[in-house]
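Beneath this line is the structure, given in structure tokens, with notes to follow.
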Amino acid sequence: MADVVVFHHAQGLTPGVLAFADELRAAGHRVATPDLYAGATFDTLEAGIAHAEQLGFDTVIERGVAAAGPLPSTAACLGFSLGVMPAQKLAQTRGGTKGAILLHACVPPEYFGPWPPGLPLQIHVMENDRLGDVDVARELAATVDTAELFLYPGERHLFTDRSLGEHDPDAAALLMRRVLAFLQRLA
């Protein structure tokens with residue numbers, strides 16, 4: 001069993017993010033799902049991004065770091081799109097983190113400093129996702145010796161969120177199997 005903190009995407013803590021977390025719990029993991037938007041959710045990605053911009057990306061990151069404060073420092077960090085920012089910040093700066101899972105996006109590693117040696121990393125993006133930072137994902141995976149990069153066919157962004165129209169059940173199921181195997185190795 002692993003401790004995992006799951007950070008939501010720009011549309012907020014949607015039923016699809018909560019369902020994803022529930023699948024991790026059903027596999028025996030302890031999962032925290034902080035709400036970085038204080039209950040707000042958005043019907044479109046554009047509206048969610050506008051909200052994140054209004055809050056400020058630094059505020060989103062700070063809220064994520066603060067929410068993780070009471071959790072074990074060894075918790076794995078998982079982020080959906082916008083949520084990769086606090087997940088990656090914690091993974092790169094908080095000692096003891098067991099692993100990082102970045103879904104739908106990633107940040108250049110230099111944004112938060114060097115990648116910690118030996119810290120396991122999984123990155124999952126659709127290969128033609130215009131918002132998924134595919135080039136950044138490839139670069140990050142090439143520079144981190146513990147990285148696993150999984151590219152899925154298609155162009156959907158939030159393909160793992162079953163509550164959104166972008167959901168791709170087959171790709172999401174494969175991603176979940178890979179994430180569960182990763183967490184099993186960390187436990």
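In this chain, numbering begins with 1 at the start of the sequence shown. What you see is a predicted model; the values in this text were computed from it and never measured.
- Every residue meeting the salt bridge (charged side-chain N to carboxylate O under 4.0 Å, His left out) condition with Arg30, not counting sequence neighbours, appears here in chain and number order: Asp3.
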Q) When you look at His8 and Thr33, which way does the side chain to side chain donor-acceptor pair (under 3.5 Å) test go after all the steps? A) CA-CA 8 Å; His8 63 76; Thr33 53; over 6 Å; no
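- Atoms CG and CG, from Leu119 and Leu121 in turn, are 7.0 Å apart once rounded to the nearest 0.5 Å.
- Looking only at side-chain heavy atoms (C-beta outward), Leu131 and Ser81 stay at 4.5 Å or farther from each other.
- The shortest heavy-atom contact between Ala187 and Ala2 is CB-N, 4.1 Å.
- No salt bridge links Glu23 with Arg177; every basic N to acidic carboxylate O contact stays at or beyond 4.0 Å.
- Taken to the nearest 0.5 Å, the CD1 atom of Ile123 stands 13.0 Å off from the NE2 atom of His104.
- Grouped with Phe80 in one hydrophobic cluster are Val4, Val6, Leu13, Val17, Leu18, Phe20, Leu24, Val31, Leu78, Ile101, Leu103, Met126, Phe150, Tyr152, Phe159, Leu174, Leu175, Met176, Val179, Leu180, Phe182, Leu183, Leu186, the linkage being side-chain heavy-atom contacts under 4.5 Å among Ile, Leu, Val, Met, Phe, Trp and Tyr residues.
- Closest heavy-atom contact between Pro34 and Ala67: CB-CB, 3.4 Å.
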Q) Is there a side chain to side chain contact (heavy atoms under 4.5 Å, CB included) between Leu140 and Leu102 once you walk through the steps? A) CA-CA 11 Å; Leu140 181 58; Leu102 309 178; 4.1 Å; yes
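- No side-chain heavy atom of Asp58 sits less than 4.5 Å from a side-chain heavy atom of Met85.
- Atoms CG and CG, on Leu36 and Leu82 in that order, are 7.5 Å from each other to the nearest 0.5 Å.
- The two atoms that bring Pro86 and Gly64 nearest to each other are CB-CA, 3.8 Å, heavy atoms only.
- Applying the salt bridge (charged side-chain N to carboxylate O under 4.0 Å, His left out) test to Glu62 and every residue at least two apart in sequence or in another chain returns nothing.
- Put simply, the side chain of Val136 does not reach to within 4.5 Å of the side chain of Val107, judged on heavy atoms.
- Within a 6.0 Å sphere centred on OH of Tyr111, heavy atoms belonging to other residues, nucleotides or ligands number 12 at most.
- Contacts classified as side-chain hydrogen bond (donor to acceptor under 3.5 Å, both in side chains) and involving residues 88-102 (residues at least two apart or in different chains) are given here: Gln88-Gln92.
- A 4.5 Å side-chain heavy-atom check between Gln11 and Leu45 finds at least one atom pair inside the cut-off.
- Residue pairs meeting the side-chain hydrogen bond (donor to acceptor under 3.5 Å, both in side chains) criterion with at least one member in residues 126-145, sequence neighbours excluded, are Asp129-His157.
- Shown here for Cys77 and Ala87, the closest heavy-atom pair between the two residues is CB-O, 3.5 Å.
- Across all non-hydrogen atoms, the minimal contact from Pro120 to Gly118 is CD-O, 3.1 Å.
- Side chains of Phe112 and Ile61 form a contact here, defined as non-hydrogen atoms less than 4.5 Å apart.
- Counted within 6.0 Å of CD on Gln54, heavy atoms from surrounding residues, nucleotides or ligands total 12 or fewer; the atom is thus considered open.
- Scanning for side chain to side chain contact (heavy atoms under 4.5 Å, CB included) contacts around Ala40 gives Tyr37, Phe42, with sequence neighbours left out.
- Of the inter-residue distances, the one linking Leu164 atom CG with Glu166 atom CD reads 6.5 Å to the nearest 0.5 angstrom.
- With respect to Glu148, the side-chain hydrogen bond (donor to acceptor under 3.5 Å, both in side chains) criterion is satisfied by exactly one of Arg178, Gln122, His124: Gln122.
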